[in-house]
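For reference, the structure discussed in these notes is given below.
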Amino acid sequence: MAPQGSTKDYGTGPTKISAIEEMALPPSGLAKTKGASFVEDFLNFEEGTAPQSLIVALVMGTICGVSAFVYYKILWGILAFVWHTVPNNLIIPYFPEWSWVLWIPIVGFTMAVCLGLTVKYMGEPGDLAYTVKCVHEKAYISMDHCMPMVCASQFSIIGGGSLGPEAPLVAICACLGGWTSRTIFKRTNRNIVRKHTLMGMAGALAAFFGSPLGGSLFALEVNNRFGAEYFEHIIESIFCGEVTLCVFRQLAGLPIAPIWDIENPKLSGSTAMDVFAGAIIGVMGAGVAALFSVCHKKLMGWFKGQNLLPNDNAVPRALVGAVVIVILGMLVPQTMFWGEYEFQTIATMSPASDLVHVWPTTGLFGFEMETGFHAFIVGVAKLIAISFTVAGGYRGGFIFPFFATGAALGRCLHEFYPSLPIPLCCLGFASAINVAITRTSLATPIILCFLAGEPNVLSGVLAAGLVSLFLTAYMPFLGPQQTRKDLEYSAFSQDSDPRIEEEDHHDEPAPSEKAPLVVV
């Protein structure tokens with residue numbers, strides 16, 4: 001830290017130190033400006049400065065956007081081939097209708113074996129918890145995990161597991177972000193490399209959700225338990241999210257627009273009672289998440305007791321998980337896959353024939369969401385599917401699966417209290433459950449309201465998320481989430497006496513007399 005009276009400055013010139021004499025320089029790599037102008041820092045390419053971050057964001061956003069597009073095209077191509085092309089051309093013309101449902105276990109168990117072999121022979125892919133751990137400890141994720149994650153997550157998703165592509169994309173783009181920082185830009189400062197890793201994570205979620213602000217905030221919040229503590233990297237991460245979003249969506253031909261239409265017309269506004277109702281929904285959602293966390297911990301304990309957790313036993317582990325996933329999928333088809341597109345069918349209680357991925361959509365008994373009790377069954381079954389998917393060693397994200405769970409339980413709640421708006425019930429429940437698990441109280445409501453095209457329900461959905469965050473503050477689901485160890489240094493200054501002064505300084509000169517607020 002710089003001594004008092006230093007002629008150096010955290011700002012844009014030596015004349016500024018007189019205005020903030022007692023401020024010490026920030027830790028290495030945190031100063032956003034060092035030279036006298038943008039051009040000077042750009043020419044010097046000073047570490048961590050705004051010009052360098054701009055260039056890095058453009059390069060990294062392009063790399064991550066192209067990578068996300070390749071992952072997306074492969075995933076959707078295989079999904080369409082396995083779940084639609086093959087059935088339409090090789091099963092429907094030649095096999096009786098009663099046998100069609102057997103396609104679910106055939107694909108499910110085949111993909112489980114492929115997943116297990118990938119983990120056993122390609123190496124540990126990691127998961128969201130591992131990504132968060134690396135961000136804190138190493139500041140980057142090794143590229144050794146990139147290809148195993150690509151293959152393992154593809155098999156997991158194609159097999160119908162209740163995990164989605166969001167976490168794999170986060171891990172992949174985090175790998176690329178750290179690699180770009182260390183290899184292309186030759187960065188060695190831990191905090192700078194961490195910033196670039198977070199920029200990659202932000203780009204992945206911004207591109208995937210289509211919401212640059214919500215997706216980028218999610219990537220920052222998920223590392224800690226009570227808000228984004230890597231605050232000095234927020235702006236650069238959001239900017240990289242914007243770049244990645246544009247590259248990915250343009251290449252994929254996808255609009256930046258909502259994908260759900262829960263109710264028409266949309267809510268024209270909210271009331272204070274809607275916000276209060278959102279808070280109550282937050283209490284219920286927190287309870288559901290707490291119950292899920294307890295049950296999942298016991299399930300993981302059972303898997304551990306059966307010696308299924310070591311990677312050498314990845315194949316039997318995946319098969320055990322696949323048994324439950326397949327059975328639930330045959331009984332309640334709405335539980336299959338990660339829920340991004342199933343959400344629409346669940347939230348509107350539409351016919352199962354509207355389900356996008358699974359085939360056949362009728363399952364064994366033609367289950368339909370016709371009543372509030374059926375919605376409750378879908379919600380509970382989805383939670384069971386998520387738990388066994390995670391325990392079975394499948395790789396993927398549980399953000400959308402919890403969204404789908406919240407939609408089902410929200411529809412159940414609406415059946416009992418029809419005066420509550422359906423979007424508030426579904427999105428509020430989804431927010432509460434997801435926030436309790438991922439600790440992303442700001443990003444989750446923004447993402448949900450964007451995807452549903454319901455901006456006027458944001459206040460209630462935010463209330464649900466915030467209440468859930470407070471109620472589950474002592475219930476961490478992702479172990480590596482932690483408070484920053486360097487937080488006191490990242491605040492840029494040291495206060496020798498942090499106590500406030502008494503309110504009796506009436507004769508104290510105005511700020512303009514003591515020190516100029518704006519230095520020229």
Side-chain angles (χ1 to χ4, degrees), residues 127-129 132 162-164 166-167 170 205 209 214 217-229 275-300 338-339 343 376 378-387 389-391 396-410 412-413 424-449 451 457-483:
D127 52 20
L128 180 59
V132 171
S162 284
L163 292 175
E166 60 270 28
V170 167
L205 289 178
F209 290 126
L217 281 177
F218 198 107
L220 292 158
E221 284 189 290
V222 77
N223 297 288
N224 311 105
R225 295 181 181 175
F226 222 81
E229 295 182 4
V275 178
F276 177 75
I280 299 301
I281 292 173
V283 175
M284 293 186 286
V288 170
L291 182 61
F292 170 84
S293 183
V294 171
C295 294
H296 181 70
K297 185 176 181 180
K298 292 184 179 297
L299 179 63
M300 291 300 296
W338 67 96
F343 185 101
F376 178 77
V378 171
V380 173
K382 189 65 176 176
L383 286 174
I384 296 172
I386 295 170
S387 188
T389 303
V390 174
F398 38 62
I399 301 170
F400 271 117
F402 283 124
F403 285 177
T405 301
L409 296 179
C412 177
L413 176 66
L424 176 60
C425 292
C426 293
L427 300 180
F429 237 119
S431 175
I433 296 174
N434 192 67
V435 167
I437 299 298
T438 63
R439 321 302 299 160
T440 52
S441 59
L442 301 181
T444 294
I446 294 173
I447 292 168
L448 282 166
C449 292
L451 293 175
V457 81
L458 178 60
S459 298
V461 177
L462 178 61
L466 290 173
V467 168
S468 179
L469 181 76
F470 280 100
L471 292 180
T472 58
Y474 301 94
M475 186 205 76
F477 186 79
L478 294 173
Q481 288 178 324
Q482 58 185 262
T483 301

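Residue numbers start at 1 and run along the sequence shown.
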Next on the checklist: Assess the residue pair V222 and Q481 against the criterion (side chain to side chain contact (heavy atoms under 4.5 Å, CB included)); give the C-alpha distance rounded to whole Å, side-chain angles, the decisive distance to 0.1 Å, and a yes or no.
Outcome noted: CA-CA 7 Å; V222 77; Q481 288 178 324; 4.0 Å; yes

Whether [X] and [Y] hold their rings parallel, tilted or perpendicular, with breakpoints at 30° and 60°:
X: F292; Y: H296; result: parallel
X: F226; Y: F470; result: perpendicular
X: F477; Y: F398; result: perpendicular

Item to check | Working for side chain to side chain contact (heavy atoms under 4.5 Å, CB included), residues T438 and F218 | outcome: CA-CA 9 Å; T438 63; F218 198 107; 3.8 Å; yes

Minimum heavy-atom distance [X]-[Y], with the two atoms named:
X: V467; Y: G282; result: CG1-C, 4.1 Å
X: A286; Y: T472; result: CB-CG2, 3.8 Å
X: L478; Y: A129; result: CD2-CB, 4.1 Å
X: S441; Y: L462; result: O-CD1, 3.6 Å
X: A432; Y: G285; result: CB-CA, 3.7 Å
X: V461; Y: L424; result: N-CD1, 4.2 Å

Taking the side chain as everything from C-beta on, heavy atoms only, tell me whether [X] gets closer than 4.5 Å to [Y].
X: E229; Y: T483; value: yes
X: R225; Y: Q482; value: no
X: L205; Y: I447; value: no
X: L413; Y: M284; value: yes
X: F402; Y: L383; value: yes

So how far is it from [X] [atom1] to [Y] [atom2], rounded to the nearest 0.5 Å?
X: L469; Y: L442; atom1: CG; atom2: CG; result: 8.5 Å
X: I433; Y: L409; atom1: CD1; atom2: CG; result: 5.0 Å
X: T444; Y: N434; atom1: OG1; atom2: CG; result: 4.0 Å
X: S468; Y: M475; atom1: OG; atom2: CE; result: 7.5 Å
X: F403; Y: C426; atom1: CZ; atom2: SG; result: 13.0 Å
X: T440; Y: I399; atom1: OG1; atom2: CD1; result: 7.0 Å

Next on the checklist: Using modelled atom types and a 3.5 Å cut-off, is there a donor and acceptor pairing between side-chain atoms of E221 and backbone atoms of A443?
Outcome noted: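 Pair found, side chain donor or acceptor close to backbone of A443.
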
Item to check | N/O donor-acceptor pair under 3.5 Å between E166 side chain and G396 backbone | outcome: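 Answer holds: no.
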
Checklist entry - Ring centroid separation for F400 and F209, is it under 6.0 angstrom? => result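 For F400 and F209, the ring centres are under 6.0 Å apart.
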
Item to check | Intermediate values then yes/no, side chain to side chain contact (heavy atoms under 4.5 Å, CB included), V288 and F429 | outcome: CA-CA 9 Å; V288 170; F429 237 119; 4.1 Å; yes

